[in-house]
Amino acid sequence: MRGVRAGRWRRVASQVGRSVAVWAVSTLTMLLLAGLLPDFRLQSADDDSATRIAVTAAFGAGAFGLLSALAWPLLVRLLLLVPALVLGLLVFFLNGALLLLALRLNPTEQGDAAPETAVVVAAVMSAVASATGAALAVRDDDAYRRRLYRLADRRRRSGPAGPATHGIVFMQLDGVGHDVLLDAVGKGLMPTVARWLGVGDGLGAARRGTHRLTPWRTDWSSQTGASQLGILHGSNHDVPAFRWYEKDRREVMVCNRPTSAAELQRRAVEATGDDGLLGVDGASRGNLFSGGAEQQALVLSIATRRRSRETRSRAGYFAYFSDPANAVRTAMSFVADVGREIGESTRARVRKARPRVGRGGLYPFIRAFATVVERDVVVAAVTGDMLAGRTAVYADLVAYDEVAHHSGPTSRDAEKVLERLDRSLALIENVAEHAPRPYRIVVLSDHGQSPGETFRARYGLTLGDLVRAGCGLPVPRRARRTHSGAEARAAVRTALRRPVEEVGEQYRPARGSEPIVLASGNLGLVSFPDVPHRMTKEEIDARHPALLTTLANHPGIGFLLVRSERHGGVVLGPFGTEIPLDDLDEKPGPLADFGPGAADAVRRTHSFPHTADIMVNSWYDPVEGEVLAFEEQIGSHGGLGGAQGKAFLLSPLTLSAPVEDGAELAGAEHIHRVLRRWLRETDGPQVPLAARRERRAA
């Protein structure tokens, strides 16, 4: 008993000592800033003594710290309805207001600061206090552990006791291919993943792994929209690409457009008959689709809804912004990443690196949002979900995908992002030790990325220019850029609560008879909007005799898919190659270089109601693994060819094997069935949609 009491008193003394130390450092910081900033003073006009100035600084620092601890959570909770990025900026002004209030509380009324100066002083003091507390906690091995226990205990007291059954956290590393992950583990960039896989520690010591790594093959549309819809909702039928034109609705669908995402989710729910993978007691964080989860943050498919209790991102934003130091720390990391991107892009230009795409304009800020803000908010939301004991959590981290598009899948920039993602996985693993229920962590990707220069850079024209030439239409002398639409851009618009269509992209032609040409990585789609049905090869040849020949014989094109009146679907290649889909297994023709499964993927896409009149897949080099993107990306995905179609699934050994030995894990819908099975193995509730509606009605 005496030992327990002694340990308790030691912990109290340690906590008091850290608080006093943080207070002292904050006081010194305030004194230093008062000496450096002309609009910030801690003395009266009569030049007080050094002692009185020090007392003023100590009182101000203490009052600011106390107000931050007591008033800040309430302020943030009242402001959760504002957009995420606006809230992140508003944090600084609220922090400054708290500092001004702290100075006003001083009985001697000595302290004063200009409002803009107060914002700077409060930000610096919050950062210094956070850094000091973290540094002192390092010396106390149990400090972080005790904090997690306190959070977990608070969750337990505020709700029912946590169940003994396991929960599952699904972490999606957007765009990280199977081989990229293995290469990163081999280079020591991802020690957490290496430990899970039982990879040696570099000193020849063997480890016993806790996870298995399984590759899986994506659909022809190897991009987040198709993959995540299939994974979360069990159906990605009729998603032929990232962008496609629907003739019956006269509308271009874009997977990262909120209205399109909402429609795709509605169709999937209607097709499967249930809400999705996260239908009961689930949380969806940073995804394009909700998966049926009641708890959602940064989910694109709900971005256009009116904010309600169900769609409000309360848990994620409150967990992150309730600590003002988080905003300061994220802002500093944001600025650092913007600077890092500007430096790396300048370095690439100076070295005249090839391939290379433009990385100016707003891109450094979009990248920093993906690699810093989105990552921090999503990881904070996931840790909050685990401490709340939720059954299933699915989160998407888009950082690698965004950087790899512009820097390359194996670039130094992309490798640094993988290191940071590994640290995020380590944090989630640490939090799992203190959650009210045991958790299993599953890590997966939605696709990979294939390197290669752009179609425009190699040939001096875009796919749209080539189509116009084949149709006998005038072609601009200079090829215009084909805008890139990655997930991070959609996440920025969602965070700003501006679900705007993609600026600058004009999908509709000037005249109805002209084709609509859309790009999805190295997959292109050509549609004729004035023809209400999917045109046949014969109809296209009659209308534009040179078009299919021009496309099929171009060296940057791998193959075409069109509908034939005689054979149904046919694959077209150079030199007049024409192979019916039913004969592809025996005569793969132009699909031979694209590997096993290509024929099945093409046949499946041919069956979709909204497949384009002409589906165009770029050239692919099986030796170098390179493709030619129809967008401005040197790391691309969306079609067939190379690493983009080989994703991974990293699962605990305590769960059943995804597939039997020798079997292939193919398609996002197959992944959904595997994840469903794992939830059943952990006794995770999976209630059909009809039953859930009855529960809500009751």
Side-chain angles (χ1 to χ4, degrees), residues 177-179 214-223 226-227 230 235-241 447-448 450 520-525 534 536-538 540 548-549 551-553 557-623 625-627 637-647 658-674:
H178 175 270
D179 295 343
T214 309
W216 69 276
R217 176 170 52 82
T218 68
D219 303 290
W220 186 1
S221 181
S222 54
Q223 47 88 19
S227 293
S235 173
N236 60 1
H237 180 74
D238 204 19
V239 182
H447 54 78
S450 296
S520 297
N522 74 316
L523 177 64
L525 295 88
R534 183 181 174 191
T536 64
K537 176 181 180 297
E538 292 78 9
I540 297 172
L548 294 179
T549 302
L551 292 175
N553 286 301
I557 303 298
F559 66 90
L560 311 177
L561 168 67
V562 294
R563 185 168 73 93
S564 168
E565 293 177 358
R566 292 179 55 196
H567 304 291
V570 294
V571 166
L572 305 182
F575 312 114
T577 302
E578 180 177 334
I579 304 175
L581 295 185
D582 293 339
D583 298 338
L584 285 175
D585 292 328
E586 298 179 1
K587 297 186 300 181
L591 292 186
D593 289 339
F594 290 88
D600 290 337
V602 170
R603 278 192 287 260
R604 181 172 185 264
T605 301
H606 174 71
S607 69
F608 293 166
H610 291 111
T611 297
D613 294 329
I614 308 172
M615 300 287 290
V616 184
N617 203 97
S618 86
W619 161 89
Y620 165 59
D621 181 355
V623 177
E626 294 183 352
V627 299
H637 56 89
L640 288 174
Q644 63 183 314
K646 190 177 180 182
V659 289
E660 297 179 356
D661 292 341
E664 183 185 25
L665 190 57
E669 294 180 0
H670 194 175
I671 296 292
H672 175 85
R673 295 192 293 272
V674 171

I'd like to know if the side chain of [X] and the backbone of [Y] have a donor-acceptor N/O pair within less than 3.5 Å.
| X | Y | answer |
| --- | --- | --- |
| N236 | G230 | no |
| N522 | L640 | yes |
| Q644 | S222 | no |
| S564 | V570 | no |
| N617 | G639 | no |

Exercise. So, H670 and R217: side-chain donor and acceptor under 3.5 Å apart, yes or no?
Worked result: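 Looking only at side-chain atoms, R217 and H670 do not form any donor-acceptor pair under 3.5 Å.
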Problem set entry | Residue among V602, V562, T605 satisfying side-chain contact (heavy atoms from CB on, under 4.5 Å) with M615 |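 Single side-chain contact (heavy atoms from CB on, under 4.5 Å) partner of M615 among V602, V562, T605: T605.
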Calculate, to the nearest 0.5 Å, the distance between atoms [atom1] and [atom2] belonging to [X] and [Y] respectively.
| X | Y | atom1 | atom2 | result |
| --- | --- | --- | --- | --- |
| I557 | W619 | CD1 | CH2 | 12.0 Å |
| D585 | D600 | CG | CG | 6.5 Å |
| I540 | R563 | CD1 | CZ | 9.5 Å |
| L572 | K537 | CG | NZ | 6.5 Å |
| W216 | S227 | CH2 | OG | 4.0 Å |
| T214 | E664 | OG1 | CD | 12.0 Å |

For this session: Please check if atom CD in E586 has more than 12 non-hydrogen atoms from other residues, nucleotides or ligands closer than 6.0 Å.
Result: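 Check fails, neighbour count at 12 or below.
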Exercise. Is P609 close to H237 at the side-chain level, that is, under 4.5 Å between some pair of heavy atoms?
Worked result: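 Contact flag for H237/P609 side chains = yes.
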For [X] and [Y], work out which heavy atoms get closest and say how close.
| X | Y | result |
| --- | --- | --- |
| P240 | S221 | O-CB, 3.6 Å |
| G573 | A552 | O-CB, 3.5 Å |
| D219 | A668 | OD2-N, 3.4 Å |
| A643 | S450 | N-OG, 3.2 Å |
| P658 | V674 | O-CG2, 3.7 Å |
| A647 | T218 | CB-CG2, 4.3 Å |

Exercise. Does E669 pair with R604 as a salt bridge, N-O distance under 4.0 Å?
Worked result: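 R604 and E669: salt-bridged.
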Exercise. Parallel under 30°, tilted from 30 to 60°, perpendicular over 60°: which one fits the rings of Y620 and F594?
Worked result: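 Geometry flag for F594 against Y620: tilted rings.
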Problem set entry | Partner set under side-chain contact (heavy atoms from CB on, under 4.5 Å) for T577, not counting sequence neighbours |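 side-chain contact (heavy atoms from CB on, under 4.5 Å) check on T577 returns I579, P590.
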